[in-house]
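The structure appears below as structure tokens.
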Number of protein chains: 2
Amino acid sequence: MNRPTDKAVDAPRACFIAAGLDVLGERWALLALREMSLGVHRFDQIARNTGASRDILVGRLRTLENQGVIERVQYSERPPRYEYHLTTSGAEVAPILISLAAWSSTWMRDETPRASYRHSCGADLKPVVSCAECGEEFTPGSLMLGPLVSAAGTDPPSDQ
Amino acid sequence: MNRPTDKAVDAPRACFIAAGLDVLGERWALLALREMSLGVHRFDQIARNTGASRDILVGRLRTLENQGVIERVQYSERPPRYEYHLTTSGAEVAPILISLAAWSSTWMRDETPRASYRHSCGADLKPVVSCAECGEEFTPGSLMLGPLVSAAGTDPPSDQ
DNA sequence: ACAAGTCAGTTGGAAAATCAAACTCACTCG
DNA sequence: CGAGTGAGTTTGATTTTCCAACTGACTTGT
């Protein structure tokens with residue numbers, strides 16, 4: 001009763017981009033991760049530097065913690081106070097932030113002055129994305145759909 | 001009355017990551033761009049494949065058009081019908097989608113089956129991000145703040 | 001000692017964004 | 001002629017977000 005071509009009224013594409021956005025795509029999430037990448041770990045400073053309201057920021061940080069992207073590290077007993085730190089998973093968000101910063105500094109050409117980014121070597125941010133397998137640079141259009149998978153092909157990296 | 005260290009009650013960090021998110025960070029925007037990257041250009045299919053409601057999708061597509069990320073291409077006079085295509089700027093969003101897909105397929109390890117992505121060479125998606133200047137691979141933490149800039153350092157790429 | 005400040009949240013109510021489904025309009029196809 | 005397609009628009013509910021004030025447990029300055 002179900003030939004392979006039967007699509008149940010065309011459900012939205014379930015792909016890893018959509019899944020990633022479920023975690024990282026909520027408002028303020030990536031900016032909070034940006035702060036931690038830059039060495040800012042405390043609630044008040046993250047709130048100030050991102051501009052997020054404190055209440056929704058609490059929600060985002062909890063979601064990111066539940067997803068294993070960040071972790072709370074207690075730095076005071078009385079009163080209990082926590083710092084927010086990137087896990088391995090969170091640290092690996094960097095390429096997303098880098099690509100975003102690079103795209104933005106190329107294409108957002110208006111008058112407003114903004115903080116730019118650079119590589120630790122001192123050079124302006126010019127990331128090159130290439131395929132680990134063939135070494136070729138990714139060109140627009142070289143991203144293609146692959147098969148459906150449940151857990152990524154090979155090794156599950158254990159966090160921390 | 002304004003020493004360099006006076007910070008006007010700590011405004012949120014104005015940086016290129018935040019600016020990029022203003023354009024690409026709204027709900028459905030990146031998924032719509034994903035569709036166009038995959039060769040889907042018509043409204044109904046973009047709505048179906050992303051899962052966005054038609055009304056907000058209209059809004060997103062208009063914003064992306066105004067920002068020069070996509071353009072509408074008329075393919076029928078009567079009734080007027082348009083296709084949505086990536087501009088050069090839109091095509092260069094690919095590294096963001098690639099990084100997101102790669103992060104997600106590494107870290108979203110639950111049971112639900114999702115479409116994976118691959119490079120056009122056939123290999124599973126394993127992007128390597130390196131610095132165009134020094135050639136070194138970007139490691140977590142190698143992203144650093146640079147100076148404030150108004151329009152990116154050098155050449156404004158003309159679109160198309 | 002007491003007032004003021006820091007820090008990580010909570011709370012409550014208003015404002016904005018999103019959602020889903022139905023509806024429109026201009027056609028095309030059988 | 002009737003059904004279907006395609007790109008929206010409309011409507012009214014639901015969900016998120018925003019903002020400012022408030023709390024509780026301290027710490028620091030005078």
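These numbers were taken from a predicted model, which means no experiment stands behind them. Protein chains get the first letters and strands the later ones, always in sequence-line order, with residue 1 at the start of each.
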Using the heavy-atom set of chain B and a strict 4.0 Å cut-off, write down the first and last nucleotide of DNA chain D that makes it in, 5' to 3'. D:dG6 to D:dT11

Quick one about A:Arg114 and A:Thr112 (side-chain donor to acceptor, distance below 3.5 Å, no hydrogens or angles considered), yes or no? yes

One character per nucleotide, please: for nucleotides 17-30 of chain C, 5' to 3', B when the base has a protein heavy atom closer than 4.0 Å, S when only the sugar-phosphate does, - otherwise. -SBB-B---SS---

Could you tell me whether the phosphate oxygens of [N], OP1 or OP2, come under 4.0 Å of any side-chain nitrogen or oxygen in [X]?
X	N	answer
A:Arg72	C:dG9	yes
A:Tyr75	C:dA8	yes
A:Tyr84	C:dG9	yes

Tell me, please, whether B:Tyr75 has B:Arg42 positioned over its six-membered ring: NZ or CZ under 6.0 Å from the ring centre and within 45 degrees of its axis? yes

Could you report the tightest heavy-atom contact between B:Glu26 and B:Arg60, atom names first, then the distance? CB-NE, 3.2 Å

Return yes when atom CD of B:Glu83 has more than 12 non-hydrogen atoms of other residues, nucleotides or ligands closer than 6.0 Å, and no otherwise. yes

B:Glu133 CD: over 12 foreign heavy atoms closer than 6.0 Å: no

Rounded to the Å, how far apart are A:Gln45 CD and C:dA8 C1'? 13 Å

Measure the distance from CZ on A:Arg42 to C1' on C:dT6 and round it to the nearest whole Å. 11 Å

Do you reckon A:Met108 sits in the same ILVMFWY cluster as B:Leu21, going by side-chain contacts under 4.5 Å, direct or chained? yes

Can you get from B:Tyr82 to B:Ile46 by hopping between Ile, Leu, Val, Met, Phe, Trp and Tyr side chains that sit under 4.5 Å apart? no

Quick one: side chains of residues 138-149 of chain B, donor-acceptor pairs under 3.5 Å with protein atoms, not counting sequence neighbours, listed by atom name and distance.
{"from": "B:Ser142", "atom 1": "OG", "to": "B:Thr139", "atom 2": "N", "distance (Å)": "2.9"}
{"from": "B:Ser142", "atom 1": "OG", "to": "B:Thr139", "atom 2": "O", "distance (Å)": "2.5"}

